Structures are given as C-alpha cells and as structure tokens.
There are 2 protein chains.
Amino acid sequence: MKHELDIETAANILKLLGDKTRLTMIKILADHECCVCEFVALFQMTQPAVSQHLRKLKDSGLVKESRKGQWVFYSLNPSHTYYDFVRNVISHLPNQLSKLKELEAQGKRISCD
Amino acid sequence: MKHELDIETAANILKLLGDKTRLTMIKILADHECCVCEFVALFQMTQPAVSQHLRKLKDSGLVKESRKGQWVFYSLNPSHTYYDFVRNVISHLPNQLSKLKELEAQGKRISCD
DNA sequence: TTATTATATAAGCATATTCTTATATAAACA
DNA sequence: TGTTTATATAAGAATATGCTTATATAATAA
C-alpha cells in the first residue's frame, strides 16, 4: 500500500536531509545502528552538536533510539510514513561504509552483541 | 551513463528543495515552463519573494530561464548533474496540476505560442 | 518619448539554524 | 558510595534564511 505524500511535509523532510551531517547520518543509519559517540568520532564534531542533529532527526520521527547500557543507539525508523521516500532519496548517494571501516580500524566502533 | 553523486552537493540540493515554495516550483517546472508572474499568482506571495526563490534555484543551476518578450520563463535544467536525482525525488510527490488549472480558470496562465 | 507591465536587485528586519560552552542526567564500575 | 563514561539539555553567539519595502532594469504599448 502506498502512502500519499504531501508536499509540505516532504519539504520539511528534505530540509532535515539538507544538511551534510544529517544526510550522512541517515545514509549510515539506513544500514547500521550507531550510537552518539560513534558519530562524534566520525564527524569530528563536539558531542552536543551531534546530539542536537540526532534530536532533530528523532523529533521528526525519522530516527528512533534505543538505549543499550551506557550507549544510546539510533536507527532509521521503518514505520515512518516517509521511510520509503527517504530510503529512495538516499539510495542514490554514495555509501558511507568507508567511514564505518575507519571507525573499526581505530577501534571506535561500538557493538553490543 | 550514471553520474556519481557526492553527499555534500546532494545535501545542498536537498536544502534547496527543503522549502515548500521551492519544492512546489520544482515540481511544477518539471513538467511545465512557468514565468514569474504565474508563480506570484500561484503562491500569493510578493513578486520579489518569488524572484528570490527562483534566483536560488537558478544560481544552483537546477533551473534555467529564457526570456520571451516581457516574460521570463523558468524550466528545469535537464543538463544539471543532479537532474535525475531531483526528478526522482519529486516523482514521489503529488502533482500540482490543479494549481495550474486554477491559474487557467482565472485567465492568469501565460502562454507564448 | 512616456507610460505600463514584468522582473530583478538592494537593504533591512525577524526568525531560524547551527554551532559553542557549561551543566545536568544516566548507567557502569571501583 | 564516588568516579568515570555516555548522552542530553540549556543558553548564548554568529550566521543564514526568507520575508518586506523601495527602487532599478527591460520590454512593450500608446
């Protein structure tokens, strides 16, 4: 079943994606859960700056969080009305796996298995 | 041949699309040339406000203009590197034909044939 | 030429955005 | 318990955005 998108809401979603940091976050989260400290390492940004971007994404419902011990993991929310739309948009972007690999190489990838 | 998109440029494009007025403009321009005064009628916005949105779109190269007599017509620029990307994004949005029909009904549609 | 119509540009203002630093909260660990 | 680690929130500052009004430019018509 296809949801009918509305242009104003779509504009707001695109505005959220229209920031390099958030767009990269979403691209990564589409395939991999990540916690805040991983993004801090990835983007070379202060922790509050990262948290604030994630909060915007969370407030929109595009992203959800789940606490695992001391960490809070974020992931794309597949039940969002615009989930398919967002996946489609980011599907055309280069994947960011190399960034995650850097993290792993530096031993900064967090895993809870 | 497929162009390789880069995430920073894509974010800038999405930021441009992340405004209700500009997103609607692009959606309309994807199928129909329009001149400034048509958008002024459509959006019930002042002419300078409309011109400034169009200038942003033109500065990005996403949209091109062509003067026809007293009018300046805008259209989507098919040779832009992100043309396919943009078309894909807007393909999921509801079409805005009803707005053009309103214009026609009011005798405000401009045509140069 | 002068007036009208369409459009662009400039300047200013209100608000939004995105950082920064400082501090609060929450879980884990000694 | 107190300390460390991870995260969130608050407040402030710098900049960006999107309008407004006034004015400039360009084409057309009288």
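In what follows, chains are A, B, ... by sequence order, proteins preceding strands, each numbered from 1. For clarity, every value in this text was computed on a predicted model and none was experimentally measured.
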* Stepwise, does the side chain to side chain contact (heavy atoms under 4.5 Å, CB included) test hold for B/H92 with B/N88? -> CA-CA 7 Å; B/H92 302 89; B/N88 185 287; 3.4 Å; yes
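- Between A/L5 and A/T81 the shortest heavy-atom distance is CD2-O, 4.3 Å.
- Of all the heavy atoms in A/F43 and A/T21, the pair that sits closest is CZ-O, 3.7 Å.
- Looking at B/Y83 and B/V86, their side chains never come closer than 4.5 Å, going by heavy atoms from C-beta outward.
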Under 3.5 Å, which donor-acceptor pairs do the side chains of residues 27-38 of chain B form with other protein atoms, sequence neighbours left out?
| residue | atom | partner | partner atom | Å |
| --- | --- | --- | --- | --- |
| B/K27 | NZ | B/I90 | O | 2.8 |
| B/K27 | NZ | B/L93 | O | 3.0 |
| B/E33 | OE1 | B/K68 | NZ | 2.9 |
| B/E38 | OE1 | B/C35 | N | 2.8 |
| B/E38 | OE1 | B/R109 | NH1 | 3.3 |
| B/E38 | OE2 | B/R109 | NH1 | 2.6 |
| B/E38 | OE2 | B/I110 | N | 2.8 |

* **Protein proximity profile, nucleotides 23-30 of chain C - base contact B, sugar-phosphate-only contact S, no contact -, cut-off 4.0 Å on heavy atoms** => ----SS--
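- Under 4.0 angstrom from either OP1 or OP2 of C/dC19 there lies at least one side-chain N or O belonging to A/H53.
- Counting heavy atoms from C-beta on, the side chains of B/V40 and B/T46 never come closer than 4.5 Å.
- Minimum interatomic distance between A/S60 and A/H80 (heavy atoms only, all atoms of both residues): O-NE2, 3.1 Å.
- Taking five base pairs at each end of the helix from C/dT1-D/dA30 to C/dA30-D/dT1 and finding the rotation axis that steps the C1' atoms of four pairs onto the next four gives two axes whose angle is 10°, to the nearest 10°.
- If you check residues 10-21 of chain A against DNA chain D, you find no residue with a heavy atom closer than 4.0 Å.
- Put simply, the side chain of B/R87 reaches to within 4.5 Å of the side chain of B/L76, judged on heavy atoms.
- Atom CD of B/Q52 is separated from atom P of D/dA22 by 15 Å (rounded to the nearest Å).
- Contacts of residues 22-44 of chain B with DNA chain C (heavy atom under 4.0 Å): B/C35, B/V36, B/C37.
- Residue contacts for A/K58: at a heavy-atom cut-off of 4.0 Å it reaches no nucleic acid atom on any strand shown.
- Heavy atoms only, all atoms of each residue included: A/L23 and B/I7 are closest at CD2-O, 3.6 Å.
- Minimum interatomic distance between A/K15 and B/G18 (heavy atoms only, all atoms of both residues): CE-O, 3.1 Å.
- Side chain of B/N77 to backbone of B/K64: no donor-acceptor contact under 3.5 angstrom is found.
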Check residues 48-59 of chain B and write down every donor-acceptor pair under 3.5 Å in which the side-chain atom is one partner and the other belongs to a residue at least two apart or another chain.
| residue | atom | partner | partner atom | Å |
| --- | --- | --- | --- | --- |
| B/S51 | OG | B/Q47 | NE2 | 3.1 |
| B/H53 | ND1 | B/R22 | NH1 | 3.1 |
| B/K58 | NZ | B/E65 | OE1 | 3.4 |

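- A/F85 and A/Y82 have perpendicular rings, their planes meeting at more than 60° on a 0 to 90° scale where under 30° would count as parallel.
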